[in-house]
Structures are given as structure tokens and as C-alpha cells.
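The next block holds one structure in the form of C-alpha cells; read it before the comments.
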Protein chains: 2
Amino acid sequence: MYASRWTIFSEKNRILAANCTTMDNLIRPFLERYCHGMVLTTDTLSELENHMTIVKYAKDKILLAENQTHDYAYYILQGAARSYYLKDGIEVNTWFAFEGEVIGSLHAYNNLPSRETVELLEEATLVSVNLRTLKPFIHSNLPISNFIRAVIEEYAQFLEDRLFNSQFMSSMERYELLLKHEPQALQRVPLTYIASYLGISRETLSRLRSK
Amino acid sequence: MYASRWTIFSEKNRILAANCTTMDNLIRPFLERYCHGMVLTTDTLSELENHMTIVKYAKDKILLAENQTHDYAYYILQGAARSYYLKDGIEVNTWFAFEGEVIGSLHAYNNLPSRETVELLEEATLVSVNLRTLKPFIHSNLPISNFIRAVIEEYAQFLEDRLFNSQFMSSMERYELLLKHEPQALQRVPLTYIASYLGISRETLSRLRSK
DNA sequence: GTGATTTTGTGACATTTGTCAAATGAATGC
DNA sequence: GCATTCATTTGACAAATGTCACAAAATCAC
């Protein structure tokens, strides 16, 4: 259908290509998730596709580096990532992301240098979205404007929820919430990072866990 | 110009009407703030105006009540507001807003019940935006879609900043940030609310201040 | 103005959490 | 397999913060 439009530039893409008859099978979950009943025409899909590619990176790859501007946002098809900030030389973890989540920030979107560093926790397969080339179309194309608004709305809702939780919940409650919402986090993310994410020391988390 | 479109339904609106030759002088700062160079045609402005009115409320007025859905968002022309949440029967303050800021949440926008209560700290003059009647136009009108996206983008940026600060800054640093960014807060918001906003007890804030 | 109410500040003490140090457990490389 | 490294747990103590009680100050109502 429109698979031919996908350009693959990962070195290790063979596994990927072998497992999927068409590339659009990979990108479709991303597009459908933010359509919310809107009908995207073939033209709109093609236009969106022009700014997306599928990439595969090894563990520890830095997707976004602190103090640098970035042209891409990512959608995780497979893998896990974390974001952290250096406060007085110490890493403070801000979030973890897994399959089906978007990695991006308004700083990148607005071409401002990133405050945080985003690093892969595992080898990952991602949809890479070129914000620079996509952005001009957002202002002039209604379906794309609506699509991007849906992405940003969900992101803002995510931020609202996180802020709400960080203000109203104790460390223990937030730990339990993480267990409930992302039980996989406990298997895939070191406890040191989780403690830092919760805003408590490793030792305190360890003691909370033993109850 | 297009002042006649404004319907005023505040009981105390006489002062307001007397101070402004045209009502659009009041709404214009709100519209211009989110245009970002976009040109809004007279038609678009008229359409936006159809969903906005100017209202005036007394101190302690509840703008949004917890667990209820709300049809309006607000832009503060004059006055101050606070948002709080009841945690185990205790008020936890989440934010304060002053002139030139928007009062709204994605929960209201998405017709979901509010988790927080928004209350006026002073008598206030507001631009009230009807989300229910405006929303259908967003999806079908590009300039309006872009305008609303600009509002949501700024809101998300605000949330990103707040979340960043709440994770990386100590209570004292966040207190100093509040002093710097909203020095008026100290004059217009009781310290009890500020302590709750910072996530510390009144007593601890009092001790931090005396240094 | 005066008394009542609300807001803010201060001291004593309990609780929580961080810090440092060391031990245990798990994963990795050769 | 064994040594090495990293992650996690546990204990002892110090520092920070919360809680409670009450005093001082400011604000409000009449």
C-alpha cells in the first residue's frame, strides 16, 4: 500500500524486514492511536509518512542529549527508554517509556535545547518523526494539525496526571502506582533509577519495598 | 468593531463597561497572545468571539468544582485564583494564577469531571470560553485548530516546566522561584496556601523564610 | 476602637529520610 | 569456574521535616 515510502536506515534492520510483510504494519498503530475517529486520506497518510522512518538502535544509545536541539520525536515500537537530568552532577530520572509511547518534548518541538538526556535502556525499534520537515505542514493542513494536536493533547494529559501524582501522592503511593501502571518497569528498570524517579534514596526505596 | 458581539452577564459589570470603549480591547490581549504571527481573519475572530464572554465574579467564587464536569475555560483579565485538591480531607494547593493566565484543564476540555477545585482569591474579571460550543469548530477550521493548538502547546510547556521544577528543585529553591516569577503571589496568597503548594508544612516554610 | 478570628511565627519533641559504611546477592567477562 | 563488577539490602547515626502546643501579629466584624 504505502509501505514503499518507508526508508529504513538502521544497520540491523534485517530482523525487522523479515518479520513484517509491509512496513505500514509497524507505523499503523502509531497513526491510528491519534486519529480518534478522524479519517486520514491517503494523501494525508502519505504526507505524514514522508516525515517518518523506522530505526533500530542498540542499548545505551542517547536519543536526545542535554543542551542540544533535536529534529526528531520517536514512537516506541519495541524497547525501553529513560530520561534523566544532571543535578549537581547526579542523575535524576524523570520518566521511563515502553512500547506504544512517544518520546519527545515541547523543547525539541520548538527547536529549543533539551534540558534532559534520553537514553535507551534496551535495544529498541522506533518510529522516528522529523519535526523540522513536518512542522510547516501542521499550520497549513487541517488533518495534520488535528493529528498533531491529538498527540500534544495526550502529552499534556500525561503531564497533568504526572504533576497531579507528584503533588498528591507519597513516595510509597507513587511506587505502587508505578507497579500498577507499568509493572514491566520493575523488571526492566534498575531500582536505582526508580528511586531517583520517585525522589527518594535507593536505601529508602529498599526499605519501603521490604514491607 | 466586533464589540457588539460580546454579551455581558455579570451582575457587577458596570465598572467594566465604563472603563472600556469597546469590549474587544479586553479580549484582544488573549487572542493576540496565542496568534504567534498567524493572521486571524475577521470571520475567525467573529467565530471565536461567539464562544467567549466577559464575566466578573466575587472573591471565593468556585470556578471549577471537584468531581464535576465544566463547560468553560477562563482567561484572567484582573484578579487571582488558586486550585486545590482534597487529600484525606486536607486542601493541597496545586497552582495560583494571576492576570494574563489561562484557567482550564484537559479534563474540562475532554468533558471529564475535574479532580481539582478552582477558587477565586480576589474579585476577578475573566474571559469565559465555552468549550462545548467551540470544540466542534476546532476540528473543521484550520485557523481555530492552530489557535487552540497554540493554547494547548503553551499549557503543555507550562506543565513540563512545573514538573521539571517539582522534581529537580528543593522546597527552598522552589520558594525562591515563586518569589522571582510571581512576586505578587507573596502579597496576594496566604502563606498557608504557599506552603501547601510547595509540599511542606506551614512551620517549615516559616522557618525557611526567617533566613 | 475593641474583641474575635485568622494568619503567621517559635519551641520541644517524634518521625522520617538521607548519608555513610559494610554485607549480601546477582550479573558479567575471561 | 572464578574473579570482578554492579545492584540491592541492612545497620547506625545525623539532619531535616512534621506534629503539637502556644504566642504574637495581622485582619475582620461590629
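Lettering follows sequence order; numbering is per chain, from 1.
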Let me have a per-nucleotide readout for nucleotides 17-30 of chain C, 5' to 3', with B, S or -, counting only protein heavy atoms under 4.0 Å. SSBBB---------
Nucleotide dT6(C), atom P - distance to CG of L121(B) in whole Å: 17 Å
What is the distance, to the nearest angstrom, from the CZ atom on R174(B) to the P atom on dT17(D)? 12 Å
Spacing of Q187(B) atom CD relative to dT7(C) atom C1', expressed in whole Å: 15 Å
Test: R188(B) and E99(B) ion pair at under 4.0 Å: yes
Cation-pi check, R115(A) onto F164(B) ring (under 6.0 Å, within 45° of axis): yes
Among the nucleotides dT10(C), dG9(C), dT10(D), which one has an atom lying closest to any side-chain atom of S206(A)? dT10(D)
Regarding R209(B), tell me which of base, sugar-phosphate or nothing describes its non-hydrogen contacts under 4.0 Å with the strands shown. sugar-phosphate
Nearest heavy-atom approach of Q167(A) to N93(B) is NE2-O, 3.8 Å
Nearest-Å distance for atom pair CG/C1', residues N93(B) and dT7(C): 15 Å
Could you tell me the separation between the OG atom of S210(A) and the CG atom of L205(A), rounded to the nearest 0.5 Å? 9.5 Å
Options dT10(D), dT10(C), dT8(C), nucleotide nearest the side-chain atoms of S210(B): dT10(C)
Is the distance from the ring center of Y193(A) to that of F96(A) below 6.0 Å? no
Is the shortest heavy-atom distance from the side chain of N50(B) to the side chain of T133(B) under 4.5 Å? no
Would you mind reading off the distance between L186(A) atom CG and dA7(D) atom P, rounded to a whole angstrom? 15 Å
Any side-chain heavy-atom pair of V129(B) and V102(B) under 4.5 Å: no
Between CZ of R202(B) and P of dT7(C) the distance, given in whole Å, is 10 Å
Return the value, rounded to whole Å, for the distance between atom CG of L191(B) and atom P of dT10(C). 12 Å
Looking only at heavy atoms, what is the nearest atom pair of D71(B) and R132(B), with distance? OD1-NE, 3.1 Å
Between dT8(D) (P) and L198(A) (CG): distance, integer Å: 13 Å
Angle of first-five versus last-five pair axes in the helix from dG1(C)-dC30(D) to dC30(C)-dG1(D), to 10 degrees: 50°
How about D161(A) and H107(B): do any of their side-chain heavy atoms sit closer than 4.5 Å? yes
